[in-house]
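Report on the following structure.
Both backbone and side-chain heavy atoms feed into the values below; hydrogens, waters and symmetry mates do not. Since the model is a prediction, treat every value here as computed from it, not as a measurement. Atoms within each ligand, like the ligands themselves, are counted from 1 in listed order.
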Amino acid sequence: MNPPVKKADFLVIGGGVAGLRAAIELASSAGSKGSIIVLTKDKPTESSTEYAQGGIAVALSDEDEIGIHYEDTIKAGDGLCNEKAVKAMVEEGPQRILELISWGAEFDKDGSKLDFTREAAHSRNRVLHSHGDSTGREIERTLINKARTSPSITRYDFSFTLDLIMDVGRCAGARILRKRELVDIYAKAVVLATGGAGELFAGTTNPSIATADGMAIAYRAGALLTDMEFMQFHPTTLFYPTAPPFLLSEAMRGEGALLKNIDRERFMHNYHEMADLAPRDIVSRAIVSEMVKKGSRHVYLDISHLDGSFIRKRFPQIYKTCLNYNIDITKEMIPVIPAAHYIMGGVRTGLDGRTSIKGLFAAGEVACTGVQGANRLASNSLLEGIVFGARAGSAAFNYAGDISEAEERGACVSEGVQRQAPVSSIDAEKIRYSLRKVMSEKVGIIRCGESLKTAKEKLDEWSYLQDAYSIDRRNLELRNMITSARLIVGSAFLREGSIGAHYRSDFKERGSEWKRHTVCSRDGGIYWI
Ligand code: FAD
Ligand code: SIN
């Protein structure tokens, strides 16, 4: 029996910065005539956006220029950025931020002026922040409130997208799981904004929703993905065995915090001229190198030399959270380790979010416009989400105006496979645990052909689960995690060279193909373009 059907003009999958900004754009373009459904698989605020700490980069300060923001982004991207995408982001960024402020977003000020901080690899103070270290929460709050004012936007929370509905090569909607029932939602255009893939790794800064669903969903529907080997590891997360993953913002180093090894010695000046503010990939590898050299399980982040009242005011969440674990950051060093943080690759899109599938648009961390190259510059992803979310919304609106009534009929759900018997939930949890462990150990900050081969063999053992039937969210997530992990491993295997966040100990140089991009295709495998 086919699931019940719902219709909307537009379907936005994801309610973080990119999805909400796309929905707001659609609502303002469509006016009262268009209906927009926004799906989130959990409560509306459970997203990476909500947890973003450090801030949002934008060239708005007196000492900054759009051209310098452009240069810094290109440099951090290590030669693989799409220059046109970077240009669009840095040029449209200021306008998007001012718009956000006009919708009620409160960024911290120094007197009457916006206060800009510094983060790694930025050559200017250009990172806006809110309530010290709760920037993402403020942006999410503002966008949710703005979306609420639009009667054409309807939110479906706790609604898990299983797959896209395809109609002769065109995306015509999505099948979702809501209140344990399947529903098919048909729409003229779909915007995918499902966020990242951190949950594929045992140590991650990401919330547990970041299971790379969007990448797997798009792949199954036949969309092209690109640059999946580029996973950024954030250098500093709290090392405290019983604590849930917790990020220690790079803005702490921007304000003067220092990295020290287990012998309490500074080390970053031995690795890069920018020392503690070197690009993230370099800092993460330097930390691993110090841990190996000293046989330690972590290094330290030390901010205790700064004034205590400044620290408490500037980083209130971080101060409070660490205090819960008996670490007073105004007095003591904080044990830290790197963790999986952000995927630069994703669903391949043009500058307006168009994917290789008609009617399917993508924005935010799930997408790859090429703006982040091989290594994202800190605080550029909230900006990417807001700029390209708006662009994708606008392009989806224009696309829908061009499709004819005859084209508007639904056909089949792209998965077309779910044949295998369901896996028990205990087995699924065991596999999820093993997958995350294998990805961290074999596909982490430093990889090599041998480690990638081991990861591939393990993932192959579980590949039958990609076809398993289930209406359980955790099982469905596992299916997506296996698919996306295979794409990351396959792409990392293909790139026999080291660039940006992708470091191969068996190919330490860039390699002859370094300027090219890897592509994953359901029908064509993994190849170079
Ligand atoms: P998200 O904000 O992750 O939203 C994804 C949405 O998709 C959610 O609503 C989710 O429910 C929904 N979804 C996912 N799968 C499904 C499915 N199958 N069905 C239905 N819905 C689904 N970047 C910065 O620029 N500055 C920072 O300071 C910063 N700090 C960070 C701190 C942390 C701890 C983390 C984790 C990330 C940080 N980042 C930062 C990165 C940045 O937050 C993310 O890249 C960005 O917020 C991603 O936005 P998004 O809209 O693409 O996805
Ligand atoms: C942080 O606050 O360190 C995270 C910033 C980012 O990922 O852009």
Side-chain angles (χ1 to χ4, degrees), residues 11-22 38-58 76 117 119-122 127-130 133-137 139-140 143-144 155-163 174-178 191-199 204-217 232 234-237 245-254 280 315 317-318 339-344 346 362-367 372 376-386 388-389 473 476-477 479-480:
L11 179 63
V12 177
I13 310 176
V17 61
L20 287 173
R21 189 58 191 82
V38 177
L39 303 175
T40 60
K41 72 172 171 180
D42 206 289
K43 60 183 181 187
T45 51
E46 193 59 11
S47 61
S48 288
T49 301
E50 176 77 7
Y51 295 99
Q53 291 181 353
I56 184 162
V58 65
T117 195
E119 285 188 72
H122 286 274
V127 179
L128 284 176
H129 44 94
S130 294
D133 50 9
S134 297
T135 315
R137 185 166 306 158
I139 291 178
E140 184 79 14
L143 292 173
I144 287 179
R155 261 189 13 221
Y156 281 16
D157 308 334
F158 295 98
S159 299
F160 186 94
T161 303
L162 280 81
D163 272 298
R175 174 165 293 176
I176 70 165
L177 177 67
R178 194 164 187 243
V191 180
L192 194 62
T194 46
E199 182 72 3
T204 179
T205 63
N206 289 192
S208 61
I209 56 118
T211 49
D213 294 342
M215 290 148 196
I217 288 167
Q232 180 173 78
H234 195 290
T236 55
T237 58
F246 184 67
L247 180 77
L248 294 155
S249 176
E250 201 158 84
M252 294 175 81
R253 274 176 287 134
R280 265 183 200 170
F315 301 109
Q317 283 307 326
I318 294 175
H341 184 56
Y342 180 90
I343 186 157
M344 272 71 73
E365 198 169 334
V366 69
Q372 315 291 3
R376 175 174 65 91
L377 183 66
S379 287
N380 259 355
S381 56
L382 291 173
L383 189 68
E384 178 189 7
I386 211 143
F388 289 97
R473 171 175 149 185
L476 290 164
E477 285 178 344
R479 171 184 179 225
N480 292 333

For [X], state whether at least one heavy atom is located under 4.0 Å from any atom of ligand 1.
| X | result |
| --- | --- |
| Ser379 | yes |
| Gly198 | no |
| Ala193 | yes |
| Lys43 | no |
| Ile56 | no |
| Glu384 | no |
| Val17 | yes |
| Gly55 | yes |

For [atom], what's the nearest protein heavy atom and its distance?
| atom | answer |
| --- | --- |
| atom 2 (O) of ligand 1 | Thr49 OG1, 2.5 Å |
| atom 3 (O) of ligand 1 | Ser48 N, 3.0 Å |
| atom 7 (O) of ligand 2 | His341 NE2, 2.6 Å |
| atom 41 (C) of ligand 1 | Ser381 OG, 3.2 Å |
| atom 51 (O) of ligand 1 | Ala18 N, 3.0 Å |
| atom 2 (O) of ligand 2 | Ser249 OG, 2.7 Å |
| atom 14 (C) of ligand 1 | Thr194 O, 3.3 Å |
| atom 44 (C) of ligand 1 | Glu365 OE1, 3.4 Å |
| atom 21 (N) of ligand 1 | Lys41 N, 3.2 Å |
| atom 31 (C) of ligand 1 | Ala52 CA, 3.3 Å |
| atom 6 (C) of ligand 2 | Arg280 NH2, 3.0 Å |

As an exercise, identify every atom of ligand 2 less than 4.0 angstrom from a heavy atom of Ser379.
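In order of numbering, the contacting atoms are 6 (C), 8 (O).
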Atom indices of ligand 2 within 4.0 angstrom of Glu250 heavy atoms, with elements:
1 (C), 2 (O), 3 (O)
Can you check whether [Y]'s main-chain N or O pairs, donor with acceptor, with [X]'s side chain at less than 3.5 Å?
| X | Y | answer |
| --- | --- | --- |
| Glu365 | Ile343 | yes |
| Arg280 | Glu250 | no |
| Ser47 | Gly16 | no |
| Glu46 | Ile209 | no |
| Thr236 | Leu248 | yes |
| Thr204 | His341 | no |

N/O of Ala378 under 3.5 Å from N/O of ligand 2, yes or no?
no
Compute the shortest N/O to N/O distance between His234 and ligand 2 and return yes if it is under 3.5 Å, no if not.
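Among all N and O atoms of His234, at least one is under 3.5 Å from an N or O of ligand 2.
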Which pair of non-hydrogen atoms, one from [X] and one from [Y], has the smallest distance, and what is that distance?
| X | Y | value |
| --- | --- | --- |
| Ser208 | Glu199 | CA-OE1, 3.6 Å |
| Glu119 | Gly54 | OE2-C, 3.8 Å |
| Arg253 | Pro235 | NH2-CG, 3.6 Å |
| Ile318 | Asp133 | N-OD2, 2.9 Å |
| Phe388 | Ala363 | O-CB, 3.7 Å |

Numbered atoms and elements of ligand 1 in range of [X], under 4.0 angstrom, heavy atoms:
| X | answer |
| --- | --- |
| Phe160 | 18 (N), 19 (N) |
| Ser159 | 19 (N), 20 (C) |
| Gly364 | 52 (O) |

Is the contact between [X] and ligand 1 made by the side chain, the backbone, both, or neither, using heavy atoms and a 4.0 Å cut-off?
| X | result |
| --- | --- |
| Ala57 | neither |
| Pro44 | neither |
| Glu50 | neither |
| Thr211 | neither |
| Arg21 | neither |

Among Thr117, Thr135, Ile56, Leu382, side-chain contact (heavy atoms from CB on, under 4.5 Å) partner for Leu128
Ile56
Among Glu477, Arg178, Arg175, whose side-chain contact (heavy atoms from CB on, under 4.5 Å) with Phe160 holds?
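Of Glu477, Arg178, Arg175, side-chain contact (heavy atoms from CB on, under 4.5 Å) with Phe160 is met by Glu477 alone.
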Residue part near ligand 2, for Leu247, under 4.0 Å between non-hydrogen atoms:
side chain
Taking only Lys NZ, Arg NE, NH1 and NH2, and the carboxylate oxygens of Asp or Glu, determine whether Arg479 and Asp163 approach each other closer than 4.0 Å.
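Here Arg479 pairs with Asp163 in a salt bridge, since their nearest N and O are under 4.0 Å apart.
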Any idea which of Asp213, Leu192, Leu382 brings a heavy atom closest to atom 18 (N) of ligand 1?
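Nearest option to atom 18 (N) of ligand 1, by heavy atoms: Asp213.
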Side-chain donor-acceptor contact under 3.5 Å, Gln317 with Gln53
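No pair is found: no donor N or O on one side chain lies under 3.5 Å from an acceptor on the other.
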